[in-house]
Amino acid sequence: MNDTNIADNAATVAEPLPGLSTAGWGAKRRDFLRMLGHGAGAAALSPLLFACGGSNSQTRAQDLRAQLVQDEAFWTEVQKLFVLNPAKTFMNIGTAGSMPKLALDVLDVESRKKAAESGSGYSNLLDLRRQVAPGFGVDAEELAFSANTSSGMCHAILGIPWQAGDVVVTTNHEHGGGDTPLNIARDRYGIEISRIAMPVGNNQTAATYQNLFDERVRTLKTQGKRVRAMMWSSPTYKTGTLLPIAELMEVVKAHQLISIVDGAHLPGMMALDYGALGMDFMSGAGHKWQCGPGSTGILIMRNRIRASNPLPLPNWYPVHTSAYTPRDRNATGAQAFDISASVTQCGSVHTPMFQSLVAACAKWDEIGRKKIETYDLALSAYLKERIVERWGIESLYSPKDDPKLVCGLTCFNPFQNKADIMVSAKSASFVTRMQAEYPQGFVIRNVGFEVIGAAAQHYGVRVSTHLWHDANDIDALVDAMWDLSRKMA
Ligand SMILES: Cc1ncc(COP(=O)(O)O)c(C=O)c1O
């Protein structure tokens, strides 16, 4: 939205709230103001804007809001890259992203070219992998294209020659995408899975998780168990806790373990340097925060001995491939072979999907991955402060104050009667009504998880904030959630 358009539309917009500038506001935000000023929504929502508690949170929220608004013109331009249905506000990127026009165009043009030339897809896509690998801090032979996070987790876990009795230490908040191949390895090879119960909320620090993993590995070793690997999600999809990769890698190295990260949400959200982090495997989605086409994923596979992880490379064999050259994975020579080719190439692939993913990645590189991460984190930090103002800090399942643990996912308990969060149907209804009953059509989700000491699962409400959102989306969301929580009390 440029300034000319704002002036053109100014007459139809309700007066802004005190302290809120409309400069640079897009259509959906002006609609929100209109709703506040007119009609049934005004009576329901206006008083709620002033029902706040907790002055520290208020100050922090104001600061974060100012930070977000400062760069609003830039992000308004970024929002224009997308074709999102303006009748809804899409806040479930953790499940599905949205391809920007430029990625749609590549997919369309390249698919048509392929059809016109009766093209095949027998390739390991090395040229394409070369283009995106630097954005993730690795070399092309360490970055494979997979079908999605789940497929990458299958490649990683089922490619390891497990021995009966090997123990994998993981958490009780994993996604089926990682748990499924782990369960197959349990049933097929006789591995044991040791799950750490995850604490939730804001009382944790990175050291909490580092200690939990370290203590569990030590305890198992004391019992004579052969611990071989750690597998964890960064972030967990349930509470949006970014289990701290650098700290957990210290545990991995101290105990000489294989490291497998379910990083479904990392590509496109967090600007991480995987070479510097040194995990053996990181499986991420191409279709979530990175906004590539469906059926695309990015699997990082350690293929060099770097200072970040001096352990020998783990033995690993491709399980889903048409490109297998037997090599010694433990070779430390400078000339690494292209291990990622074996994951990327399995028969003929639809090359335009990956060309399109590469286009989305190039756009992210151009905007700046760190800039996107900073914006995503500022949006979620603002949302968390606003949740704390209204519902109190104890309502958060996500961490807030340790910068090593936060990400663009926010999970909390919106109910006035706190025990309602254990009623699955009520939580599902909250999600449905947020889309059906508010003009912004908020698309969010709920997710069930175990809470230490709780009688039943909690079905927290999860919100994803990404580059097509702004502070006004968060304000509207919080007001609507507060309104709905009172209606459902
Ligand atoms: C932590 C985590 N792992 C794996 C998956 C599966 O993702 P995909 O559809 O890319 O396989 C998800 C999906 O939401 C997830 O949140």
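Ligands are counted one by one from 1 in listed order, and the atoms in each one are counted from 1 as well.
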Qualifying ring-ring contact (aromatic ring centres under 6.0 Å, His included) pairs, either residue in residues 367-402, two or more places apart: W75-Y375, W391-F412, W391-W482, Y397-F449, Y397-H458
Geometric N/O contact T95 with ligand 1, under 3.5 angstrom: no
Atoms in ligand 1 with a heavy atom of A285 nearer than 4.0 Å: 10 (O)
For atom 13 (C) of ligand 1, closest protein heavy-atom neighbour: K288 NZ, 2.8 Å
Candidate with minimal heavy-atom separation from atom 15 (C) of ligand 1, of K238, R445, H175, E174: H175
Residues K221 and H255: side-chain donor-acceptor under 3.5 angstrom: yes
Aromatic ring proximity, centroids under 6.0 angstrom, F442 and F90: no
N92 and T95 side chains, donor-acceptor separation under 3.5 Å: yes
R195 side chain to T171 side chain, donor-acceptor N/O pair below 3.5 angstrom: no
Where ligand 1 meets Y237 - atom numbers and elements under 4.0 angstrom, heavy-atom basis: 1 (C), 16 (O)
Side chain, backbone, both or neither: H265 near ligand 1, heavy atoms under 4.0 Å: side chain
Spatial distance of atom NZ (K288) from atom NE2 (H265) [nearest 0.5 Å]: 5.5 Å
Which segment of S150 sits under 4.0 Å of ligand 1 when only heavy atoms are counted: both
Aromatic plane relationship, W364 with H466 - under 30° parallel, 30 to 60° tilted, over 60° perpendicular: tilted
V447 and R445, any side-chain heavy atoms less than 4.5 Å apart: yes
Numbered atoms and elements of ligand 1 in range of D262, under 4.0 angstrom, heavy atoms: 1 (C), 2 (C), 3 (N), 4 (C)
Option with minimal heavy-atom separation from atom 2 (C) of ligand 1, where the choices are A264, G263, G286, G94: A264
Numbering as shown, the atoms of ligand 1 that approach H287 to under 4.0 Å (heavy-atom distance): 8 (P), 9 (O), 10 (O)
N or O pair under 3.5 Å between T149 and ligand 1: yes
